[in-house]
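Throughout, protein chains are lettered first and strands after them, A, B, ... in sequence-line order, and every chain is numbered starting at 1. Hydrogens, waters and symmetry mates play no part in the numbers below; they use all other heavy atoms, side chains included.
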Amino acid sequence: NAGVTQTPKFQVLKTGQSMTLQCAQDMNHEYMSWYRQDPGMGLRLIHYSVGAGITDQGEVPNGYNVSRSTTEDFPLRLLSAAPSQTSVYFCASSYSIGLAGGAYFGPGTRLTVL
Amino acid sequence: AQSVTQLGSHVSVSEGALVLLRCNYSSSVPPYLFWYVQYPNQGLQLLLKYTTGATLVKGINGFEAEFKKSETSFHLTKPSAHMSDAAEYFCAVIGNYGQNFVFGPGTRLSVLP
């Protein structure tokens with residue numbers, strides 16, 4: 001199993017550009033989520049999904065869109081990038097919707113918005 | 001709402017010394033508690049978790065943590081630090097509706113030779 005994969009690893013955008021961060025898992029997990037990591041703030045939830053066709057907002061959803069058309073994939077879209085979105089983004093998945101078993105995290109995407 | 005605090009953004013210990021990383025939480029429901037480790041330029045890896053049952057839980061790489069309800073704490077310990085333990089450590093609790101983790105700000109552990 002590859003686990004949770006994310007692409008790209010690094011990305012530089014200009015303000016106003018759009019892009020999609022890709023996330024895939026091969027463990028047949030129903031739960032998937034996106035977090036952003038900023039210094040001194042830990043990880044904060046952006047969006048999550050409890051199954052194909054079901055998504056919901058987390059703590060910091062503004063400026064981001066998600067969709068879940070398959071169990072395996074959970075892309076994160078930035079429609080118009082802003083410097084405040086400079087961060088490291090992590091995708092996570094869990095076999096348990098209640099998260100009691102913990103979660104598997106991808107290696108992250110480091111995004112810089114100029 | 002659930003929240004997590006970690007005392008000390010940076011902790012340094014000598015190789016072979018005791019590691020103690022502090023975590024306190026607030027929760028309106030019985031908490032599920034986690035410690036994750038992040039090595040440089042990598043994602044987070046689950047170290048250990050407490051859900052129910054025994055309050056002293058053992059994890060990977062010789063780490064353990066004790067859930068103390070009266071102190072709302074879940075401190076992480078390791079008897080003897082190794083150079084490979086240098087990383088950032090995050091304490092987390094499951095959020096109010098069970099749909100997300102609430103993370104502490106993290107503690108960076110340095111191990112000195």
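Annotation: the span from A:N62 atom CG to A:Q57 atom CD amounts to 7.0 Å, rounded to 0.5 Å. Taken to the nearest 0.5 Å, the CG atom of A:D56 stands 4.0 Å off from the OH atom of A:Y48.
Under 3.5 Å, the side chains of A:Y64 and A:Y89 contain a donor-acceptor pair of N or O atoms. With 3.5 Å as the limit, one finds no donor-acceptor pair spanning the side chains of A:S87 and A:R110. Residues A:T86 and A:T112 bring no donor and acceptor atom of their side chains to less than 3.5 Å of each other.
Contacts of A:Y104 with chain B are absent, with no heavy-atom separation under 4.5 Å from either backbone or side chain. Heavy atoms of A:R44 lying under 4.5 Å from chain B are absent altogether. A:Q37 touches chain B through its side chain: at least one heavy atom from C-beta onward sits under 4.5 Å away, while N, CA, C and O do not. At a 4.5 Å heavy-atom cutoff, the contact between B:L44 and chain A is made by backbone and side-chain atoms alike. Both the backbone and the side chain of A:A103 come within contact range of chain B, with heavy atoms under 4.5 Å apart. In this structure, no portion of B:Q6 lies under 4.5 Å from any heavy atom of chain A. Proximity to chain A is limited to the side chain of B:T51, based on heavy atoms less than 4.5 angstrom apart. Interface residue A:L45: only side-chain heavy atoms are found under 4.5 Å from chain B. Heavy atoms closer than 4.5 Å to chain A are found in the side chain of B:Y36, but not in its backbone.
Looking only at heavy-atom pairs under 4.5 Å with chain A, the residue among B:Q42, B:E88, B:Q38 that has the most is B:Q38.
Under the 4.0 Å criterion applied to side-chain N and carboxylate O atoms, B:K78 and B:D85 are assigned as salt-bridge partners.
Separation of the A:F74 and A:H47 ring centroids does not fall under the 6.0 Å cut-off.
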